[in-house]
Amino acid sequence: MLDPRSIGQQSANMSDLKLFNSLTRKLEVFQPVHPGEARVYSCGPTVYNYPHIGNMRAYVFADVLGRTLSFKGYKLTHVINITDVGHLTDDADSGEDKLEKAAAERAQSIWDIARHYTEAYWADVKALNIREPAKWSVATDYIDEMIEFAKGIADKHCYELDSGLYFDVSTVADYGRLARAVTEEGEARIDAVAGKRNAADFAIWRKTPPDEKRQMEWDSPWGRGAPGWHLECSVMGGKLLGFPFDIHTGGIDHREIHHPNEIAQNQAHCCTDGLDVAENSGARIWMHNNFLVERSGKMSKSSGEFLRLQLLIDKGYHPLAYRMMCLQAHYRSELEFSWEGLQAALTRLKRMVMAVENIPLDAPSDAPEENYAWIDRAISQDLNTPQLLSTFEFSIQSKQVAVGEKAEILRRVDPLLGLDLLNLTRADLRIRPKSATITEAEIEAALARRKEARATKDFATSDAIRDELSAKGVEVMDGDPLGWEWRL
Ligand code: AMP
Ligand code: ZN
C-alpha cells in the first residue's frame, strides 16, 4: 500500500496547503516553522462533565487537520491538553472553577471527577476514529512551569490584587486582534473585578480567599491558589512545541477571550511586539471550528436533551455516522444537528461501505498520478471535506472508473477522512437501539427460518414470523435497495 506520507509535500505535483488564519482573517499558504514538520496544539476538554457532540466536532476538525498534514508529508506533532484546573464557569474571570464546583456538588474528589470524564472523553475520541495526539498534556502536571512562566512576565505585565495576579492587557501591542473588535457586548460579558485596570485584564493566578478551602491549590509567590485558565495553554504549547509553533486550534468561542489572552501572555513571554508578524502570537496560524448548534440554539450540557455521543450510540447510531455528519460540513460553517441529519449521514456512510465491498483493496492501478490530484486539491483548500466527500463518493461508485484506480483512491482517501471504510461492514452500521428487547442472533435465526419457509412456498409460516418480529419492533425490509434486511 502506498503510504500517503511517502508522496509528501515535496512532490512537485501537490497543491499548496491553504488554511484560514483567524488572526489575519485570510487564507494563507502553510509554511512550516521547521522544514518538513508540523506542530499543532489543540485546546482540549475541561473534564468536569461529559463532552457533548459539539465539543467533539472540535476534535474531529483537529483530527482532519492532523491527517491532512500527514497526507501532505509533514512529520506531525500534535498536542491536546486536558483542562483539570482553572476553567471558570464563565470564560472571563467570574464564577467558580468548573471542577471545584462539580466536586463540591457531588461530594467527590476533583481527581476522581477529572479521571472519570477524561476517560469518557477518550472513549468518544476512539469511537470517532480520532487519531491519538503525540501527547495529551494535563494542566495540573505543569503547575511549576506555570508559576515560572508567570514569574517571568509578572514585573512588566501584571499587577496584584487581593484576589490574585492579573495581566494588564494594555502592556502588549494589538491586544484582542484575534477577536477583532472588543465590542461593547464583549466588554459587558467581562465581569468587573474590583481594582482591575482594564475590563479585559484577566487572572494569571487566583488566590484562595482566606475563608475558603480549595481541593486544588498550590503555593506561589502570590499566595496559595490556582492558575488562571489561559495560562496553561501558553505554558504547555510553548514547552511542548516551542514558540513559535505552527498551528493552534480551538472552537470559535475561543477566538473571543481564551485565545486573545493566550496570545497576550505569549507576547509578554517572548518579549515580542505587535501582531503584524503572525509568529509573535506564539503560533503562526490560529484556526477555529464553527459550532454545532441545535435548532433551539446553542448546544448545552445543562438544558434539554444532553447530546453526548453515547446518546447517539444508545439510540442505535454508529458513532462514525456522526463523524460523517461533521465531514459533510466545512469546519468554518455552523452545523445544525438533527436526528434526520444523522440518519442521512448514516445512509451515506452505508452507501460508501457498500461501494467499497465491491472494490478489491489490493487491486493494482495503472492510472496516472494526475487522476488523483482532486484529492489533494480539495483537502488543500482549507480542508474542504464536503468537496472531497462528493468526488470520492462519485468515483468509488462510478462505472467509468477502473477498479484498480478505485482501490488506489480508497487507499489514499480513507486515511484522510478517517471514516474507517476499509474495516466497516454494513452490519456494523445497522441501527441497534440499546432499548431493543430482541438480540441480533434471534432476529437472524428467525429470518433464516422465514427464508426456508418461503423457499417451500409456506407463506403462512413466513408471514407469521414476520408478524412475530414486528411485534418485537423489528421491521423486515424485503427488497430494500440499501440492503438493510431488517430494522429495529
Ligand atoms: P470545553 O470543554 O468547554 O473547554 O470545550 C472543548 C472544545 O469544544 C473547545 O475547543 C470549544 O471551543 C469547543 N466547543 C464548545 N462548544 C462547541 C460546539 N457547540 N460546537 C463546536 N465546538 C464547540
Ligand atoms: Zn486552551
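The shown structure was predicted, so the numbers you read here are calculated from the model rather than taken from an experiment. Just so it is clear, the values below take in all heavy atoms, side chains as well, and ignore hydrogens, waters and symmetry mates. All ligand and atom numbering here is 1-based and tracks the order in the structure.
Among the backbone and side-chain atoms of H258, an N/O/S atom is found under 2.8 Å from the Zn ion (ligand 2). Taking backbone and side chain together, C233 holds an N, O or S atom under 2.8 Å from the Zn ion (ligand 2). The Zn ion (ligand 2) has no N, O or S atom of H230 inside 2.8 Å of it.
Neither side chain, T385 nor H330, offers a donor N or O lying under 3.5 Å from an acceptor on the other.
Summarising the contacts of atom 15 (C) of ligand 1 with N49, N55, I252, the nearest heavy atom is found in N55. If you check each of T46, V60, I80 against atom 1 (P) of ligand 1, the one with the closest non-hydrogen atom is T46.
Between H230 and H258, the angle of the ring planes lies from 30° to 60°, which puts this pair in the tilted group.
With M56 as the fixed residue, the side chain to side chain contact (heavy atoms under 4.5 Å, CB included) test singles out one of P45, C326, P51: P51.
Between A58 and ligand 1, not a single N/O pair is under 3.5 Å apart. Between W229 and ligand 1, a contact under 3.5 Å exists for no N or O pair.
Short contacts between ligand 1 and G54, defined as distances under 4.0 Å to a heavy atom of the residue, involve ligand atoms 17 (C), 18 (C), 19 (N), 20 (N), 21 (C), 22 (N), 23 (C). Atom numbering of ligand 1 starts at 1 in the shown order; those under 4.0 Å from a heavy atom of N290 are 21 (C).
The distance from atom CZ of F392 to atom CG of L416, rounded to the nearest 0.5 Å, is 10.0 Å.
In this structure, R25 forms no cation-pi arrangement with F20, as its terminal cationic atom is not both closer than 6.0 Å to the ring centre and no more than 45° off the ring axis.
Of all protein heavy atoms, the one lying nearest to atom 12 (O) of ligand 1 is D253 OD1, 2.4 Å.
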